Each structure stands twice: as C-alpha cells, then as structure tokens.
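Just the heavy atoms: all of them, side chains too, but no hydrogens, waters or symmetry mates, feed the values below. Fair warning: this is a prediction, and the values are worked out from it, not measured in the lab. Below, read A as the first sequence line, B as the second, and so on, with proteins coming before strands; counting in each chain starts at 1.
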There are 2 protein chains.
Amino acid sequence: MFSLDQLSAFVAVAEELHFGRAAERLNMTQPPLSRQVQKLERAVGARLLERDNRKVELTEAGQAFLVEARRLLALVETAGDLARRVDQGAAGTLRLGFTATSAIRTLGPLLRRMSEELPDVDVILHERVTPAQLDGLLRGELDLGLGRPPFDSDVLDSRVVDREPLCAVVPGNHRLAALGRPLSAGDFAGERVISYSPTQARYFHELTVRFLAESHPRIEQRVQQILTVILLVAAGRGVALVPASARSLGVEGVTYCDLEGAGDPVELHAIWRRDATSPVLRRVLTMLPEHH
Amino acid sequence: MFSLDQLSAFVAVAEELHFGRAAERLNMTQPPLSRQVQKLERAVGARLLERDNRKVELTEAGQAFLVEARRLLALVETAGDLARRVDQGAAGTLRLGFTATSAIRTLGPLLRRMSEELPDVDVILHERVTPAQLDGLLRGELDLGLGRPPFDSDVLDSRVVDREPLCAVVPGNHRLAALGRPLSAGDFAGERVISYSPTQARYFHELTVRFLAESHPRIEQRVQQILTVILLVAAGRGVALVPASARSLGVEGVTYCDLEGAGDPVELHAIWRRDATSPVLRRVLTMLPEHH
DNA sequence: AGAACATGATTCCCGAAAGGTATCACTCGC
DNA sequence: GCGAGTGATACCTTTCGGGAATCATGTTCT
C-alpha cells in the first residue's frame with residue numbers, strides 16, 4: 001500500500017510537471033522525491049508519469065489517479081477537522097429533554113445561542129416531564145435534561161439554570177384577583193386548589209403543599225402539566241400556584257397574583273449523567289446560565 | 001499529518017475494541033500498535049479511544065473519525081484499482097472516428113465486443129470521412145480512426161482490419177443488371193459512372209478510375225459518401241462501384257453485380273498516432289480483426 | 001561539432017521512525 | 001491476595017526516508 005506522503009509527492013509533481021520544482025515545493029530535494037514517485041508507481045501497479053530527461057507528463061492512468069489522490073488528500077484534512085470539532089463539542093448531536101415550562105425562559109435562549117455558536121450540532125428535542133427525562137438519561141436516550149428536583153445525585157449531576165418566584169393564578173373574576181396585594185397562605189383558606197401529581201410533577205406538588213400547609217385548602221385535582229393547571233383555573237375549577245414565567249403562556253381569563261414572601265423559588269435544573277463523556281454536552285453546559 | 005497505517009491501526013482497534021486482537025489481525029504485536037494509535041491521536045488533536053486497563057471504547061470524536069477513516073481506506077483501494085484498470089485499458093475513454101461504410105462490417109462488432117469486455121470504457125463516436133479523421137488524429141481530437149488509405153505513415157500507424165471485394169451497383173432495370181455474370185471493365189464502356197471526390201474520397205475515386213481505366217467511361221458525379229452514390233444510382237443517374245458490403249445498406253431499386261477479377265480489394269484500416277500512449281487504444285487494437 | 005546546461009535516476013550515508021521483546025502498572029475474578 | 005488479562009513503557013534492532021554527490025542523457029548555444 002502507498003502512503004499519503006507519496007500521494008502528496010505525486011500530486012506536487014503532477015502539478016509542477018517538474019521534479020526539481022515539486023521537490024522545492026515539498027521542502028525536500030529531488031532524489032528522494034523521485035524515489036517516492038517510483039515507489040508509488042510500484043505500489044499502484046501502473047506507470048503514472050511519463051518522464052525522460054527533458055519532460056514530465058501524466059499518463060492516462062496518472063490523470064485518473066491524480067483526481068483520486070486529490071480527493072483523498074482533501075478527505076484527510078476534513079477527517080481530522082471533523083474529529084477535532086466533535087472533540088471540542090462544535091459538531092455532533094445533543095439529545096435534549098425539557099419540560100413544557102422550562103421552554104419559556106431557558107430552552108429558547110439556549111437553542112438560539114447554540115444555533116449561533118455551534119451551528120454544526122444537531123439538537124434532538126424531547127419534551128418530557130422530569131421523571132421521564134431522568135429515565136431517558138439513565139437509559140442513555142438523552143444527553144441533557146431540563147427538569148425539576150429531585151433526582152438521584154449519585155448517577156446524575158446537575159446545575160441550577162433558572163430560579164423564579166412562585167405565583168398564584170386565579171380566575172379573572174375571582175375575589176383574590178381583586179385584592180391588589182401579594183397573597184399570603186391564609187388567603188387560600190377554603191379555596192379549591194388545583195394541584196399536581198405527586199409522582200409526575202412532584203416538585204410543584206411539594207411547593208404547593210408546602211406553601212399552603214397551614215391554610216388547609218381543598219386540593220381538587222392532580223395534574224401533570226402547568227398549562228393544564230392554568231386552563232382548569234381559567235375554566236373556574238379553582239386556583240393554583242405556578243411559576244411566575246407562566247404569565248407569558250398568555251392564557252385568557254385568568255389573573256396572576258404575587259405571593260407574600262414568595263416562598264421557595266422555583267428552580268430549573270440542567271441534569272446529565274455524571275459519567276457522560278459527550279463533548280457537545282460539556283460545551284453546552286458552559287453555555288447555560290449560572291445560578292448560585 | 002497521520003499515515004494510512006495509523007488509520008488502519010485505528011480502524012482495527014475500533015472494530016475489535018481490544019489492542020491485542022487488533023494487533024494480531026494486523027500481523028504485528030501490541031506495543032507498536034498502541035504507539036501508532038497514540039500518534040494518530042496526537043496528529044488529529046483529539047482523543048479517539050477511551051481506554052484503561054480493562055476496556056476500550058470509542059469517544060464521540062472517535063466514532064466520527066472512524067466513519068471518515070473507513071471512507072478514506074476504501075478510497076485508497078478504489079484509487080489504486082482505477083489507476084490499474086486505466087493503465088490496462090479497461091477503463092477510460094476512446095474517441096473513435098469512422099466512415100459511414102466502415103460501420104457496416106467493422107464498427108458494430110467492435111462496439112459490441114467492447115461493451116462486453118471493456119464495459120468501463122466510454123466510446124465517443126465521430127462519423128467523419130477519412131481526411132477529417134486524419135486531421136482529428138493529428139490534432140489529438142481522436143484516438144483511433146477507421147478509414148481508407150492513403151495517409152501519412154510517418155506520424156500515423158495503421159493496420160488493415162477489413163478487406164472486401166469491389167462490386168458494381170446499377171439501377172434495377174439497367175441492362176447490366178440482367179447480364180447475370182461478373183462484369184468486366186469493358187462492360188462499362190459508354191456508361192455514365194458516378195464516382196467519388198478525388199480529395200474527400202480519394203481511395204474510392206482511385207479504385208474506380210483504376211478499374212475502369214481502359215474503358216473510358218463518362219464520369220458524371222464526384223460525391224463523398226457511398227450511400228449518396230447508391231441513391232444517385234437508384235435515381236437512374238448512372239452506375240457506380242462500391243464495396244460489396246454496401247449491399248446491406250438495403251437501398252431499393254438497385255442491383256449489385258460482381259466484378260470480373262474483382263480488381264483490388266477494398267481495404268479498411270484502423271489508424272492511430274504512432275506516438276499514442278492511450279492504454280485503452282492499445283487494448284482496443286488487440287480486439288480488432290487481423291488481416292495480412 | 002563540442003561545451004555548457006538541464007533534468008531525472010542512482011549511489012551512498014545518516015538519522016528518524018517503526019516493529020519486536022521484555023517488562024511495568026493496574027484491574028478484576030476467584 | 002494472587003494469578004490472569006490488558007494497555008503502556010523501555011530498550012533494542014531493523015527499516016525507511018531524506019540529503020549530498022554523481023551519473024546518464026538530451027538540449028542548446030557558440
């Protein structure tokens with residue numbers, strides 16, 4: 001088999017049609033260049049250059065081989081580049097899980113920035129509730145998730161990427177909507193409260209229960225999606241607690257009220273396998289906002 | 001820059017995921033294989049294989065690079081093959097000139113045989129009268145011609161590839177058509193004879209003149225193409241001499257008559273530049289019929 | 001025609017690089 | 001905890017590639 005150096009030598013001679021000049025271009029002397037071309041011809045099994053004491057020209061086999069040789073050398077360049085870029089996370093694939101509400105403040109800006117800074121990274125999006133994301137991460141179906149606590153921190157690593165206050169959402173004509181002041185837990189006494197699934201939306205379930213602990217509200221529903229909660233509120237089925245960014249979902253017929261003391265902030269975490277090796281993942285992690 | 005050996009080494013390790021087995025497959029020992037992979041990684045500038053004392057696996061960069069490496073090695077094979085096949089005349093292009101009548105007995109079988117034995121040779125056909133073929137050969141526009149003598153044998157080489165008798169063609173209702181015996185030169189006394197251009201169809205012109213020398217016929221036309229001659233005969237404009245194979249042109253309303261002694265045979269020559277180097281040409285020359 | 005020049009091939013030498021053997025460092029399974 | 005297995009390292013030998021000088025041959029200028 002021939003070597004890449006021999007290919008470069010051949011291409012140089014084929015382009016210069018002169019061993020001396022080709023050797024100069026390759027920063028070497030003429031004798032070893034002649035030998036390399038001879039070796040290449042023996043390896044290929046065909047005469048590529050017709051040469052005598054006064055002229056050098058390509059044979060037909062040489063013309064055909066020159067095309068292939070150039071293609072090969074070009075591929076050598078691109079292969080190295082590609083590997084380097086994948087290694088640095090500038091090319092490749094990121095399988096990204098996210099919850100519906102994480103998209104509002106975090107996913108959009110992230111995707112926008114990635115398409116600018118990492119245009120050769122393919123992002124495959126999976127909208128899933130947090131437990132499904134964790135499952136996907138453990139199974140190796142996802143590289144990165146945007147979800148809510150809690151999760152197993154032995155296998156998974158995480159970072160807070162967004163933190164926002166909790167707020168209340170009530171029907172537009174509800175008495176609480178007219179108060180015009182931050183609501184306290186006591187304001188919810190006797191209200192029907194729409195809350196979250198303790199398994200599929202455990203984080204919001206616990207935030208809700210914790211905030212309203214001493215006011216003994218009537219928990220009426222147990223849904224997974226924040227948007228569903230707000231739609232139920234709009235339908236007059238009760239009131240609920242949601243993250244402040246839910247305002248921008250633009251549901252008609254509801255009013256959002258601040259909470260007194262605001263309770264615990266709502267946290268969004270980026271989550272990934274602690275043993276993950278994906279260069280794209282590492283690169284993307286540097287692009288996520290820092291909190292704490 | 002990396003070497004092709006390093007690529008083969010990497011591919012072997014990537015496929016075996018085991019340095020020892022990969023080394024065995026490459027007919028070498030493990031230590032130099034490890035070094036080659038290390039060198040490759042340094043040359044590429046990215047870690048391609050994640051390895052420790054008990055497992056070897058591809059990094060993401062390694063996965064991307066493996067694809068390119070396989071493509072490269074495949075191209076190495078095909079590049080060599082291609083050059084070899086071009087060198088042996090099994091691939092490439094043949095620019096072939098021919099005269100209209102040479103197609104009848106020679107061109108067809110040649111093309112059929114080439115498409116069977118040299119399927120990767122592209123044949124570019126140029127129908128030209130002999131002088132135009134000679135011009136094309138000298139200008140380097142043609143690789144091979146099928147034409148009639150004479151031609152400059154200093155620059156051009158040639159071989160007889162077909163030889164056939166001359167015959168007469170007369171209108172179907174002509175008195176000569178009814179004789180039912182081979183015609184002699186004397187039979188043409190007083191006939192209007194359609195003949196050929198002394199420059200563009202010099203060979204047939206001279207054959208005609210030579211055969212009819214002592215019978216003093218009336219030479220009426222001077223055309224280039226044999227088919228034109230026969231059509232003029234069919235139109236009753238005279239009689240003519242044509243190669244025997246012209247019978248298979250299938251022109252209606254004419255009769256073909258053998259000639260006494262048949263005169264000189266009509267020769268068809270394959271003609272090429274004496275200094276031609278085309279491997280396809282040499283290969284094709286071996287496929288042409290031998291005469292003489 | 002002869003000398004000077006140009007050009008690719010050949011020869012010989014040296015240093016760099018590749019492969020082999022022996023060994024090390026580390027992990028895992030019993 | 002020890003032996004088996006695996007990749008890395010050290011060291012040696014061989015091979016291969018590059019450089020200087022020279023050769024062989026054909027061209028050009030006088």
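In this structure, Arg54(A) and Gln38(A) both approach DNA chain C, and ranking their closest nucleotides by distance from the 5' end singles out Arg54(A). Nearest-nucleotide positions on DNA chain C for Ser3(B) and Leu17(A) put Leu17(A) closer to the 5' end.
Among the nucleotides dA8(D), dA18(C), dC16(D), the one closest to any side-chain atom of Arg51(B) is dA8(D). Proximity note for Asn53(A) (side chain, C-beta onward) versus dG8(C), dT25(D), dG19(D): the nearest is dT25(D). Nearest nucleotide to the side chain of Arg35(B), out of dT10(C), dA9(C), dC11(D): dC11(D). Minimum atom distance to the side chain of Val56(A) is reached by dG8(C), of the listed dG8(C), dG19(D), dG7(D). The listed nucleotides are dG7(D), dG20(C), dT10(C); the one nearest the side chain of Pro32(B) is dG20(C). Closest to the Lys39(B) side chain, of the nucleotides dG7(D), dA18(C), dG8(C), is dA18(C).
The minimum heavy-atom distance linking Gly147(B) with Leu268(B) is given by the pair O-CD1, 3.5 Å.
Rounded to whole Å, atom P of dG8(C) lies 9 Å from atom CG of Leu33(A). Look at CD on Glu16(A): it is 11 Å from P on dG8(C), rounded to the nearest Å. Look at NZ on Lys55(B): it is 19 Å from C1' on dA4(D), rounded to the nearest Å. To the nearest angstrom, P of dG20(C) lies 10 Å from CG of Leu26(B). dA18(C) atom P lies 10 Å from atom CE of Met28(B), rounded to whole Å. Put simply, CG on Leu4(B) is 15 Å from C1' on dA18(C), counting in whole angstrom units. Whole-Å rounding puts the Gln30(A) CD to dA24(D) P distance at 15 Å. Taking atom CG of Asp52(B) as the reference point, atom P of dA8(D) lies 10 Å away to the nearest angstrom.
Within 4.0 Å of Asp5(A), counting heavy atoms only, lies no atom of the nucleic acid at all.
With 3.5 Å as the limit, one finds a donor-acceptor pair spanning the side chains of Thr101(B) and Arg148(B).
A salt bridge does not link Arg47(A) with Glu57(A): none of the charged nitrogens is closer than 4.0 Å to a carboxylate oxygen. For Arg283(B) and Glu117(B), the salt-bridge test fails: no basic side-chain N is under 4.0 Å from an acidic carboxylate O.
For Ser34(B) and dA8(D), the shortest distance from a side-chain N or O to OP1 or OP2 is below 4.0 Å. Between His18(B) and dG7(D), a side-chain N or O to OP1/OP2 separation shorter than 4.0 Å is present. One finds a side-chain N or O of Gln36(A) lying less than 4.0 angstrom from the OP1 or OP2 phosphate oxygen of dG18(D).
Not a single donor-acceptor pair under 3.5 Å links the side chain of Asp81(A) to the backbone N or O of Arg84(A).
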